[in-house]
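The structure appears right after this line, and notes come after that.
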Amino acid sequence: MAYSEKVMDHFANPRNVGEMSDADGIGEVGNSKCGDIMKMYIKVRDNIITDVSFKTFGCGAAIATSSMATELVKGKPIDEALKLTNKAVMEALDGLPPVKVHCSVLAEQAIKAALSDYYIKQGIDPETIVGKATECDES
Ligand code: FES
């Protein structure tokens with residue numbers, strides 16, 4: 001299966017790339033099988049994700065899914081960002097080849113990890129809100 005135009009676009013022109021020095025939450029996740037790493041930064045005001053950025057050391061699909069995930073949560077309430085699934089990221093990119101599905105899982109987990117970190121920094125236990133952090137080891 002070839003990559004969709006949207007995947008190629010988000011790979012070639014990723015949105016929201018870079019570190020954020022004043023992030024309210026930072027999440028880093030990795031896949032132990034492929035070795036790819038994704039880092040997400042979020043800024044939160046009044047329960048809204050006002051800004052989001054990422055740094056991904058990984059494959060093209062990891063970059064495209066990171067980019068799309070940031071676009072899908074930017075400006076959204078935390079509640080909505082928590083509902084973001086890797087399936088939604090894939091659909092927004094018009095699909096991914098089966099061997100690249102785990103790249104979108106990483107994007108979902110990176111957003112959740114950043115939200116967990118945000119709650120921890122607020123002194124709130126994130127587990128009941130975000131769920132348990134899990135290692136991404138799907139291939
Ligand atoms: Fe592992 Fe894409 S090959 S994140």
Side-chain angles (χ1 to χ4, degrees):
M1 177 182 159
Y3 287 114
S4 72
E5 269 177 41
K6 278 193 190 161
V7 172
M8 293 311 292
D9 177 35
H10 277 264
F11 166 61
N13 309 292
R15 324 311 194 246
N16 312 308
V17 180
E19 290 180 27
M20 197 187 285
S21 55
D22 57 347
D24 297 314
I26 301 173
E28 185 174 321
V29 291
N31 181 298
S32 55
K33 286 193 180 138
C34 67
D36 290 357
I37 295 165
M38 229 178 246
K39 204 164 177 179
M40 290 273 177
Y41 305 82
I42 53 167
K43 192 119 200 85
V44 180
R45 283 292 165 273
D46 300 326
N47 280 317
I48 305 282
I49 299 179
T50 54
D51 203 7
V52 52
S53 68
F54 78 93
K55 260 181 86 177
T56 290
F57 180 79
C59 73
I63 291 166
T65 53
S66 309
S67 169
M68 183 53 92
T70 59
E71 287 286 272
L72 291 173
V73 302
K74 200 174 187 175
K76 299 276 165 59
I78 287 181
D79 284 5
E80 263 185 59
L82 283 168
K83 289 187 202 132
L84 182 76
T85 60
N86 76 300
K87 200 164 166 265
V89 174
M90 281 201 299
E91 277 169 11
L93 286 168
D94 292 337
L96 281 173
V99 292
K100 291 291 173 183
V101 171
H102 79 270
C103 316
S104 65
V105 173
L106 217 49
E108 176 192 325
Q109 289 183 330
I111 296 282
K112 292 197 168 132
L115 288 166
S116 287
D117 184 53
Y118 166 72
Y119 281 119
I120 290 166
K121 286 185 168 128
Q122 305 298 306
I124 300 165
D125 178 3
E127 209 173 301
T128 51
I129 308 166
V130 186
K132 254 195 162 64
T134 47
E135 242 300 85
C136 175
D137 54 7
E138 287 181 48
S139 54

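Order of listing sets the numbers, starting from 1, for every ligand and every atom in it. These values consider heavy atoms only, across backbone and side chains, with no hydrogens, waters or symmetry-generated copies. Counting begins at 1 with the first residue of the sequence.
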Does the side chain of Asn16 pick up a donor-acceptor pair with the side chain of Thr70 at under 3.5 Å?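 Side-chain D/A pair, Asn16 to Thr70: present.
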N/O donor to acceptor pairs below 3.5 angstrom from side-chain atoms of residues 49-63, sequence neighbours left out:
residue, atom, partner, partner atom, Å
Thr50, OG1, Lys43, O, 3.3
Ser53, OG, Gly18, O, 2.8
Lys55, NZ, Glu19, OE2, 2.7
Thr56, OG1, Ser66, OG, 2.7

Of all residues at least two apart in sequence or in a different chain, which pass the side-chain contact (heavy atoms from CB on, under 4.5 Å) check with Lys87?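 Lys87 satisfies side-chain contact (heavy atoms from CB on, under 4.5 Å) with Thr85, Glu91 only.
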Expected output: side-chain Asp125 to main-chain Glu127 donor-acceptor under 3.5 Å: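 Checking the backbone N and O of Glu127 against the side chain of Asp125, a donor-acceptor pair under 3.5 Å is found.
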What heavy-atom pair brings Leu96 and Ser104 nearest, and what distance separates the two atoms?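 So the two residues come closest at CD1-CB, 4.0 Å.
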For Lys6, what residues pass the side-chain hydrogen bond (donor to acceptor under 3.5 Å, both in side chains) criterion, not counting sequence neighbours?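 Lys6 satisfies side-chain hydrogen bond (donor to acceptor under 3.5 Å, both in side chains) with no residue once adjacent residues are dropped.
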With a cut-off of 2.8 Å, how many protein N, O or S atoms neighbour atom 1 (Fe) of ligand 1?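 Protein N, O or S neighbours of atom 1 (Fe) of ligand 1 under 2.8 Å, waters not counted, come to 2.
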